[in-house]
There are 2 protein chains.
Amino acid sequence: MAIAAEDVKAPSGRRERILRAAIDVIRERGFAGTRVSDIAERAGTSQGLVLYHFGSLAEALSTSLTLLEDEFYTELDEELSLAEGPIDRLWHMAELASGYGPAVGDWRLWLELWARAMHDDDARQARESLDRRWRAALLTVIVEGVAAGDFVVADPARASLRLAALMDGLAIQLALEDPGMTRATFTDLWWEAAVLELQISDPKRHKLPRKRARNRA
Amino acid sequence: MAIAAEDVKAPSGRRERILRAAIDVIRERGFAGTRVSDIAERAGTSQGLVLYHFGSLAEALSTSLTLLEDEFYTELDEELSLAEGPIDRLWHMAELASGYGPAVGDWRLWLELWARAMHDDDARQARESLDRRWRAALLTVIVEGVAAGDFVVADPARASLRLAALMDGLAIQLALEDPGMTRATFTDLWWEAAVLELQISDPKRHKLPRKRARNRA
DNA sequence: CGATAAACTGAATGACCATTCAGATGCCGT
DNA sequence: ACGGCATCTGAATGGTCATTCAGTTTATCG
């Protein structure tokens, strides 16, 4: 069950623990395969409590999406605040997407979300705002880079759209563990495209990847 | 129900009708939401028959994936045989992917397949071979183009990988009906990337899209 | 024309799960 | 220490399917 000793009794902590458990289960078994009992078991509680807190399974899943959004935003902001210039920021985004943090590059979850977005409205909204946010960040970086003279792009909007889409596409292979697609290949292929698309003049130092740090699960 | 008058009694046709019905339902309701009764209703038969032919729902779904593969291959081969040179072929592939035919550009189905591939082995294999096939075709076109002097690429394998991934990424927006992503935008953005990546010298005439022809459903 | 098998049906059967519920347990202010 | 409220539990309850089955229709072929 894997319950940290810390706050076994904290009454409020229970709610969030359930949401985290839900996310973990979704990642493993998919939205469709996630049952109340899975969540309860993973969270170390009873089924009853899950329903007590969220009323229904559907509601629990939706709410966990909200938590996911929060983590995503936090992670993105945090990471971007660390970077110095546009080139560095862009590189950081590539790393994030390749799976550096717990949320942004959690592609199995994204594939699930995409599929669910076609049939569930909460999922649709969640993925839409997550995606919008990500693309906006990318666009901002590109615009900054153009202003700073680091990038040369005719149409930043198009460029960001395309680079974002390329990430998604590469991510599919990553999530499905396609032979030949690794974290390294991902960043490599994407960075090359970015260099080409944005006409980055001096992409030198960025070739060295950072230390690893995988998902909590 | 929508049963064509043609072969209501054809005994063998029934099987395939069921498979097509299954695919239709999957596209609409997703793998997870597809019930035996949905398929039966859509095919205009009884639940019993679906199970009679395929033994189980899971088996019916798997088998329908095989039919999908067949259609995909047929469509791809047909389309490629029509095109003249590498540039034209490449353009045809872009059109196919944008949803020109019934199978290749049926992106809702692809999103479903990706998600299912994470949990179901038949789906995993299906998507893998479909994807491999598609990328191989792309690679072939690129290599031909290089040989013919139409394209200039350092590493055709990387280029095809990237262009294929870009398609997938753009396709997600298409499937999810992201505002701002249409068939036209899709081909437009992709073609521009291809021109850049492959250094296509003379992409002129291809800017005009062909007549529409959507999915049967 | 039978007769045998294949195709087909619709009504059980039973498993699996979300949800409900009656009550236990801990918490907090007084 | 006590009343009351939030939290929590585990065992019903009931609905929704996949699957089974007993039997009917349709095709095939000698």
Side-chain angles (χ1 to χ4, degrees), chain A residues 1 3-26 28-65 116 119-123, chain B residues 1-26 28-65 67 116 119-123:
Chain A
M1 2 144 203
I3 309 165
E6 7 157 342
D7 54 344
V8 175
K9 47 172 66 172
S12 56
R14 216 54 178 273
R15 220 185 120 93
E16 186 173 332
R17 187 204 302 282
I18 291 173
L19 291 178
R20 287 194 191 288
I23 292 180
D24 284 350
V25 176
I26 293 168
E28 277 169 29
R29 330 214 347 158
F31 277 100
T34 297
R35 287 160 296 162
V36 174
S37 63
D38 294 324
I39 299 175
E41 192 184 357
R42 178 64 79 106
T45 69
S46 64
Q47 290 187 228
L49 191 62
V50 176
L51 279 306
Y52 168 76
H53 276 303
F54 303 101
S56 71
L57 172 59
E59 190 56 28
L61 295 178
S62 290
T63 311
S64 71
L65 285 183
R116 180 154 243 247
H119 310 106
D120 174 88
D121 213 57
D122 286 326
Chain B
M1 0 141 206
I3 308 164
E6 8 156 341
D7 55 344
V8 174
K9 47 172 66 172
S12 56
R14 216 52 180 272
R15 220 184 121 92
E16 185 174 330
R17 186 204 303 282
I18 291 173
L19 291 178
R20 287 193 191 289
I23 292 180
D24 284 350
V25 177
I26 293 168
E28 277 170 30
R29 330 212 350 157
F31 276 101
T34 298
R35 287 161 296 163
V36 174
S37 63
D38 294 325
I39 299 176
E41 192 184 357
R42 178 64 79 106
T45 69
S46 65
Q47 291 188 226
L49 191 62
V50 175
L51 279 305
Y52 168 76
H53 275 303
F54 303 101
S56 72
L57 172 59
E59 190 56 28
L61 295 178
S62 291
T63 310
S64 71
L65 285 183
L67 177 62
R116 180 155 243 246
H119 309 106
D120 173 89
D121 212 57
D122 286 326

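Source: prediction; values computed, not measured. Convention: sequence-line order gives letters A, B, ...; per-chain numbering from 1.
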**Request:** Any chance you could measure L57(B), atom CG, to F31(B), atom CZ, to the nearest 0.5 Å?
**Result:** 10.5 Å
**Prompt:** What nucleotide, of dC8(D), dC17(C), dA7(C), holds the atom closest to the side chain of L49(A)?
**Reply:** dC8(D)
**Message:** So if I take every side-chain heavy atom of Y52(A) and compare against dC8(D), dA18(D), dT9(C), which nucleotide ends up nearest?
**Reply:** dC8(D)
**Prompt:** In whole angstroms, how far is the C1' atom of dC8(D) from the CZ atom of R17(A)?
**Reply:** 14 Å
**Given dA18(D), dC8(C), dA18(C), the nucleotide with the shortest approach to the side chain of Q47(A)** = dA18(C)
**Complete:** Considering only heavy side-chain atoms of S56(A), the closest of dC8(D), dT19(C), dT19(D) is dT19(C)
**Request:** Please tell me which of the listed nucleotides, dT7(D), dT19(C), dC8(C), lies nearest to the side chain of R14(B)?
**Result:** dC8(C)
**Asked** Between dA6(D) atom C1' and R15(A) atom CZ, what is the distance in whole Å?
**Response** 13 Å
**Request:** Using atom CD1 of I39(B) as one end and atom P of dT19(D) as the other, report the distance to the nearest whole Å.
**Result:** 11 Å
**Request:** May I have the distance from F54(B) (atom CZ) to dC8(C) (atom P), rounded to whole angstrom?
**Result:** 11 Å
**Prompt:** So does H53(A) get a side-chain nitrogen or oxygen closer than 4.0 Å to the phosphate oxygens (OP1/OP2) of dA6(D)?
**Reply:** no
**Item:** Close side-chain approach of R15(B) and T63(B), heavy atoms under 4.5 Å
**Value:** yes
**Prompt:** Quick one: CZ on R42(B) to CZ on R29(B), what's the gap to the nearest 0.5 Å?
**Reply:** 10.0 Å
**Prompt:** Counting side-chain heavy atoms from CB outward, which of dA18(D), dT9(C), dG10(D) is closest to L57(B)?
**Reply:** dA18(D)
**Item:** Min side-chain heavy-atom separation I39(A)-R35(A) under 4.5 Å
**Value:** no
**Asked** Can you tell which of dC17(D), dA18(C), dT9(C) lies closest to the side chain of S46(B)?
**Response** dT9(C)
**Distance in angstrom units between E59(B) CD and dA18(D) C1', rounded** = 15 Å
**Prompt:** Quick one: which of dC8(D), dT20(C), dT9(C) gets closest to the side chain of L51(A)?
**Reply:** dT20(C)
**Request:** Measure across L51(B) and S56(B) and return the closest heavy-atom pair with its distance rounded to 0.1 Å.
**Result:** CD1-CA, 3.4 Å
**Asked** Where the side chain of T45(A) is concerned, which of dA7(C), dT9(D), dC17(C) is the nearest nucleotide?
**Response** dT9(D)
